[in-house]
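Just so it is clear, the model here is predicted, and its values are computed rather than measured. Start at 1 and go down the list; that is how both ligands and their atoms are numbered.
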Amino acid sequence: MSDSFDIIVIGGGTAGYPAAIRASQLGMSVACVERRPTLGGTCLNVGCIPSKALLHSTELFADVSEGLEEHGIGIGGVALNLCQLIKRKDEVVAGLTKGVEQLLRKNKVEWVKGSARFEAPDRLAIELGEGGTRTLTASKAILVATGSDVARLPGIEIDEDRIISNMGALSLKKVPEHLVVIGAGYIGLELGSVWRRLGAKVTVVEFLDGIVPNMDREIARHLHRLLEKQGLEFRFSTKVTGAEKRTDDLLVSLEPSKGGDTETMAADVVLVAVGRRPYTDGLGLERVGIRLDEKGRIPVETGFKTAASGIYAIGDVIAGPMLAHKTTLDGVRCVEGIAGRDASVDYNTVPEVIYTSPEVASVGKTEEELKAAGVAYKSGTFPFTANSRARCNGDTRGLTKILADARTDQLLGVHIIGPDAGTIIHEAVLAMEFGGASEDLALTTHAHPTLPESLKEAALVLLGQGMHI
Ligand code: NAI
């Protein structure tokens, strides 16, 4: 077994493993260091994948519990088997993480099971999971792809039992009576939805005055209303200052964000979902001259190069949206750059999806961002109530909104809240990748009746040619 490779990737998550595979495809010898017993990082093990499995199962549960009479389908006695629901989620995760292991093997990437620490810019000491150490050297590059960790709140210690992060929220043993979620971001809304659908009272406490601060506000207000209809309760402009563990429950202390009188609320589980922080603990970056920025991220220049020659950083440890597909983009482009190809990335065309019901999906700029930048834009919106397929399906919640340059018509942003928004958005992503205009969407023939027709219709509205509204 050789200890010398062309490239060593630290981290086997959605940034690291695709980087390793691509490097191997480009003819390099590659090792991927990962200490978790399974590959795939946060996304596959405790993030995107298990949460989507739970979101899907609980949406089915909600549908059959309350939603099918209208279709003429009566179902008696719907029962929840939480143990099976969680087991299925674990099986989905296990299948996919094993799949990644096979992919590394197929691509001749060696998975080194252990924790890496820099000894020199081209040398790592690996503390092996099975015991002992190994020293690895890289002739071309070492990629740091160590991801992110849950951001914590002072005074609220996560025990993954009663005070939980996304990790604990994926495996609760019973449905809590009252779940208090701290943070109305991606995790809070998705996992809050999961447990609400299974019957928990869910209160979401948010520091700011609305949900998901970086979302287009029109869409955010819409989502807020729809989630309230599903029974989620919101407390805005409020912060949680403590969670005292009592024998049978937790006493959560709340305060207005700007300061003021404290009030308390009883809960049996508290979910901390106030963001994530880049994870670089124990890597020994200081030893190779890499200094973190004020947010704990590794600064990089074009091509993902760090301040240390031969060391690159990708994924959640650098700036940009903390999204699995963005980290994969980083990983692949970084390796392409090392191989002498184009390493440029455009985060403006990275889509964002929240897998609530309905889904919210967006790409490009929000209306607020365009206003702040002084860009002259036109907008067109189209509600799903006017989309015939949504009517057939009996789900007409939401709308499609397109923002385009007032002068050139180039697409600047597309925001969708509605059924299958996370799928529909990719047409807009592709159009934007090609520098497309709203006219391109309007001139594209869409099959009828389909949900993506809403994009074409919104484009027609923007152009003053609205047909079905
Ligand atoms: P987030 O950044 O999406 O939202 C955190 C929320 O917590 C913000 O609204 C913030 O204002 C609020 N907050 C912060 N401090 C607070 C306090 N003391 N009290 C009350 N509210 C407070 O972070 P989240 O939801 O934890 O997700 C972490 C990361 O994971 C995000 O970067 C997200 O992009 C990613 N993620 C993506 C998903 C997707 O693509 N569907 C799903 C889940 C996570």
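- In L323, the part holding a heavy atom less than 4.0 Å from any atom of ligand 1 is the side chain.
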task = Decide ring-ring contact (aromatic ring centres under 6.0 Å, His included) for H224 and F236; before the verdict, give the C-alpha distance in whole Å, the side-chain angles of both, and the deciding distance to 0.1 Å.
result = CA-CA 11 Å; H224 172 213; F236 292 123; 4.9 Å; yes
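- Side-chain atoms of S165 and E160 form a donor-acceptor pair, as typed in the model, at a separation below 3.5 Å.
- Among the atoms of K239, none of the N or O lies under 3.5 angstrom from an N or O of ligand 1.
- The shortest N/O to N/O separation between L208 and ligand 1 does not fall below 3.5 Å.
- The side chain of P213, and not its backbone, has at least one atom closer than 4.0 Å to an atom of ligand 1 (non-hydrogen atoms only; side chain from C-beta on).
- Within the 3.5 Å criterion, the main-chain N or O of S362 finds no donor-acceptor partner in the side chain of E352.
- Of the listed options K326, M322, E359, E352, M322 places a heavy atom closest to atom 34 (O) of ligand 1.
- For ligand 1, the polar-atom distance check finds no N/O of R276 at less than 3.5 Å from any of the ligand's N/O atoms.
- L227 and S193 get closest at one heavy-atom pair: CD2-OG, 4.0 Å.
- In terms of polar-atom proximity, defined here as any N/O pair under 3.5 Å, F207 does make such a contact with ligand 1.
- Among G275, G185, A361, the residue whose heavy atom lies nearest to atom 23 (O) of ligand 1 is G275.
- The proximity of I182 to ligand 1, defined as any non-hydrogen pair under 4.0 Å, is limited to the side chain.
- T396 and T385 are not linked by any side-chain donor-acceptor pair at a separation below 3.5 angstrom, with hydrogens and angles left out of the test.
- With a 4.0 Å cut-off on non-hydrogen atoms, L153 touches ligand 1 through its side chain and not its backbone.
- Residue-to-ligand polar distances place E190 within reach of ligand 1: an N/O pair is separated by less than 3.5 Å.
- No salt bridge links K113 with E34; every basic N to acidic carboxylate O contact stays at or beyond 4.0 Å.
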task = Using the salt bridge (Lys or Arg N to Asp or Glu O under 4.0 Å) rule, take K201 and E233 through it: C-alpha gap first, then chi angles, then the decisive distance, then the call.
result = CA-CA 8 Å; K201 170 182 161 76; E233 292 171 28; 3.1 Å; yes
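- With ligand atoms numbered from 1 in the order given, ligand 1 contributes 20 (C), 21 (N) to contacts under 4.0 Å with heavy atoms of V205.
- Considering T58, L54, L60 as possible partners of H56, the one that fulfils the side-chain contact (heavy atoms from CB on, under 4.5 Å) test is L60.
- Every atom of ligand 1 with a heavy atom of V353 under 4.0 Å away is listed here by number and element: 39 (C), 40 (O), 41 (N).
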